[in-house]
Amino acid sequence: MLDSVSMTKGVKVGGVILAAGLSMRFGDEKLLADYRGKPVGSHVVEAALASRLEPVALVTRPELAPLLVQYSPGLRVVNNSNPLEGLALSLRLGLEALGEEVSHALVLLADQPLVKTDLINRFVAQATTGTGLAALSTQGDFCPPVLFESSYFEMLKNLSGDKGGRSILAGLKDKVLVLKTEDPLVTLDIDRPQDLKLISRRT
């Protein structure tokens with residue numbers, strides 16, 4: 001039975017930022033594309049490091065890490081040298097980097113540059129109240145960022161291929177707290193050049 005552990009071991013929420021994709025639909029390295037003077041992939045990293053997440057693990061390809069963020073003592077850079085294996089590998093590597101010191105993990109995507117520190121801290125605040133699963137939602141589907149209590153980590157680590165946390169949430173709908181956001185574009189991940197153009201037109 002997956003019971004809440006937050007009251008027995010204390011709450012410590014780590015972050016896992018997934019940034020090892022190959023940008024096949026974008027046609028170029030999307031995480032290095034410019035958004036407001038910075039690489040797309042650096043926005044979430046900076047937001048996470050400024051938040052209450054501790055620690056933060058960035059799972060990326062070896063060649064991308066130094067281009068996305070400068071050294072920070074709060075960041076654990078994890079190299080995924082086999083991104084073709086799929087999303088599940090990056091997720092597993094990130095959770096392993098957090099280790100057993102955390103009670104929850106917040107899974108973030110590096111291609112969601114509109115996810116800000118205040119939203120991240122809302123997830124952390126929910127963890128402190130005993131929430132085990134939380135996510136954003138669009139058109140009825142759960143979407144990142146997604147909060148998982150450590151009792152779900154083994155399920156996440158057993159995923160394979162391109163299956164991510166959403167595949168687990170789909171079977172646990174009644175347990176998932178949906179956080180609201182007034183900006184519908186926050187959930188947009190940059191998959192195509194037109195996605196970047198869409199958010200770039202905002203004031």
Side-chain angles (χ1 to χ4, degrees), residues 13-26 30-31 33 35 40-48 51-53 56-60 80 83 86-95 98 104-127 131-149 152-153 155-200 202:
V13 186
V16 175
I17 304 174
L18 304 180
L22 296 174
S23 305
M24 292 181 179
R25 284 179 286 178
F26 195 84
K30 64 180 179 181
L31 296 184
Y35 176 62
V40 164
S42 70
H43 288 265
V44 168
V45 177
E46 292 180 3
S51 75
R52 294 169 58 195
L53 294 175
V56 176
L58 172 66
V59 185
T60 188
N80 181 349
L87 182 66
L89 174 59
S90 287
L91 186 55
R92 184 163 63 251
L93 290 171
L95 291 173
L98 297 185
H104 297 70
L106 184 65
V107 180
L108 304 119
L109 302 183
D111 60 358
Q112 285 185 310
L114 298 185
V115 171
K116 305 297 184 185
T117 298
D118 58 347
L119 176 60
I120 293 172
N121 283 339
R122 286 177 58 199
F123 279 95
V124 176
Q126 288 300 326
T131 297
L133 294 169
L136 296 183
S137 178
T138 181
Q139 298 179 343
D141 294 326
F142 298 122
C143 54
V146 180
L147 178 74
F148 291 95
E149 194 176 58
Y152 297 94
F153 287 4
M155 296 174 67
L156 292 168
K157 291 178 181 179
N158 286 332
L159 294 172
S160 60
D162 270 327
K163 288 186 177 180
R166 280 183 283 190
S167 63
I168 290 176
L169 297 184
L172 298 167
K173 290 183 178 180
D174 60 330
K175 296 180 179 292
V176 182
L177 174 69
V178 175
L179 270 64
K180 306 292 184 181
T181 174
E182 295 181 358
D183 185 355
L185 290 182
V186 166
T187 60
L188 179 69
D189 52 321
I190 308 300
D191 283 334
R192 303 162 300 172
Q194 50 265 48
D195 297 327
L196 183 55
K197 291 179 181 178
L198 177 62
I199 65 170
S200 296
R202 292 157 46 110

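Computed from heavy atoms alone, side chains included, the values below leave out hydrogens, waters and symmetry copies.
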If I take atom [atom1] from residue [X] and atom [atom2] from residue [Y], how far apart are they, to the nearest 0.5 angstrom?
| X | Y | atom1 | atom2 | value |
| --- | --- | --- | --- | --- |
| L156 | L95 | CG | CG | 5.5 Å |
| E149 | T131 | CD | OG1 | 9.0 Å |
| R122 | R52 | CZ | CZ | 13.0 Å |
| L106 | I120 | CG | CD1 | 6.5 Å |

Evaluate the side-chain proximity of P145 to L136: yes if any heavy-atom separation is below 4.5 Å, no if none is.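 L136 reaches P145 side chain to side chain.
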Sub-4.5 Å side-chain heavy-atom contact between L133 and I168: no
Could you tell me which non-hydrogen atom of [X] sits nearest to which non-hydrogen atom of [Y], and how far apart they are?
| X | Y | result |
| --- | --- | --- |
| A20 | S90 | CB-OG, 3.6 Å |
| A33 | L196 | CB-CD2, 3.8 Å |
| G164 | L159 | O-CD1, 3.4 Å |
| G94 | A57 | O-CB, 4.0 Å |
| A19 | A110 | CB-CB, 3.5 Å |

Partners meeting ring-ring contact (aromatic ring centres under 6.0 Å, His included) with Y35 (sequence neighbours left out):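 Per chain and number, Y35 pairs via ring-ring contact (aromatic ring centres under 6.0 Å, His included) with H43.
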Given 3.5 Å as the limit, does a donor-acceptor pair link the side chain of [X] with the main chain of [Y], or not?
| X | Y | value |
| --- | --- | --- |
| T117 | A47 | yes |
| D162 | L87 | yes |
| Q112 | P144 | yes |

Among T60, V56, L53, L109, the one residue meeting side chain to side chain contact (heavy atoms under 4.5 Å, CB included) with I17: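 Result for side chain to side chain contact (heavy atoms under 4.5 Å, CB included) with I17: V56.
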Any residue meeting side-chain hydrogen bond (donor to acceptor under 3.5 Å, both in side chains) with R192, in chain and number order, not counting sequence neighbours: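 Counting only residues at least two positions away or on another chain, R192 forms a side-chain hydrogen bond (donor to acceptor under 3.5 Å, both in side chains) with D195.
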Go through V124 and S51 one step at a time and tell me if the side chain to side chain contact (heavy atoms under 4.5 Å, CB included) criterion holds. CA-CA 9 Å; V124 176; S51 75; 5.6 Å; no
By side chain to side chain contact (heavy atoms under 4.5 Å, CB included) - contacts of V107 (at least two apart): L18, L91, F148
Kindly write out the residues that satisfy salt bridge (Lys or Arg N to Asp or Glu O under 4.0 Å) with R166, not counting sequence neighbours, or none if the list is empty. none
Quick one: salt bridge (Lys or Arg N to Asp or Glu O under 4.0 Å) partners of R92, sequence neighbours excluded?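 R92: salt bridge (Lys or Arg N to Asp or Glu O under 4.0 Å) contacts with E85.
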Which side-chain N or O atoms in residues 176-191 pair as donor and acceptor under 3.5 Å with protein atoms at least two apart or in another chain?
residue: T181; atom: OG1; partner: D183; partner atom: N; Å: 3.4
residue: D183; atom: OD1; partner: L185; partner atom: N; Å: 3.0
residue: D183; atom: OD1; partner: R202; partner atom: NH1; Å: 3.1
residue: D183; atom: OD2; partner: R202; partner atom: NH1; Å: 2.9
residue: D183; atom: OD2; partner: R202; partner atom: NH2; Å: 2.7
residue: T187; atom: OG1; partner: P184; partner atom: O; Å: 3.2
residue: D191; atom: OD1; partner: K30; partner atom: NZ; Å: 3.2
residue: D191; atom: OD2; partner: R25; partner atom: NH2; Å: 3.2

Let's go through Y152 and L172 carefully: what are the C-alpha distance in whole Å and the side-chain angles of both, what is the deciding distance for side chain to side chain contact (heavy atoms under 4.5 Å, CB included) to 0.1 Å, and is it a yes or a no? CA-CA 11 Å; Y152 297 94; L172 298 167; 3.6 Å; yes
More than 12 heavy atoms of other residues, nucleotides or ligands under 6.0 Å from NZ of K163: yes or no?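 No, NZ of K163 has 12 or fewer neighbouring heavy atoms, counting only those of other groups under 6.0 Å.
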V16 and L98: CA distance, side-chain angles, deciding distance, side chain to side chain contact (heavy atoms under 4.5 Å, CB included) verdict: CA-CA 8 Å; V16 175; L98 297 185; 3.6 Å; yes
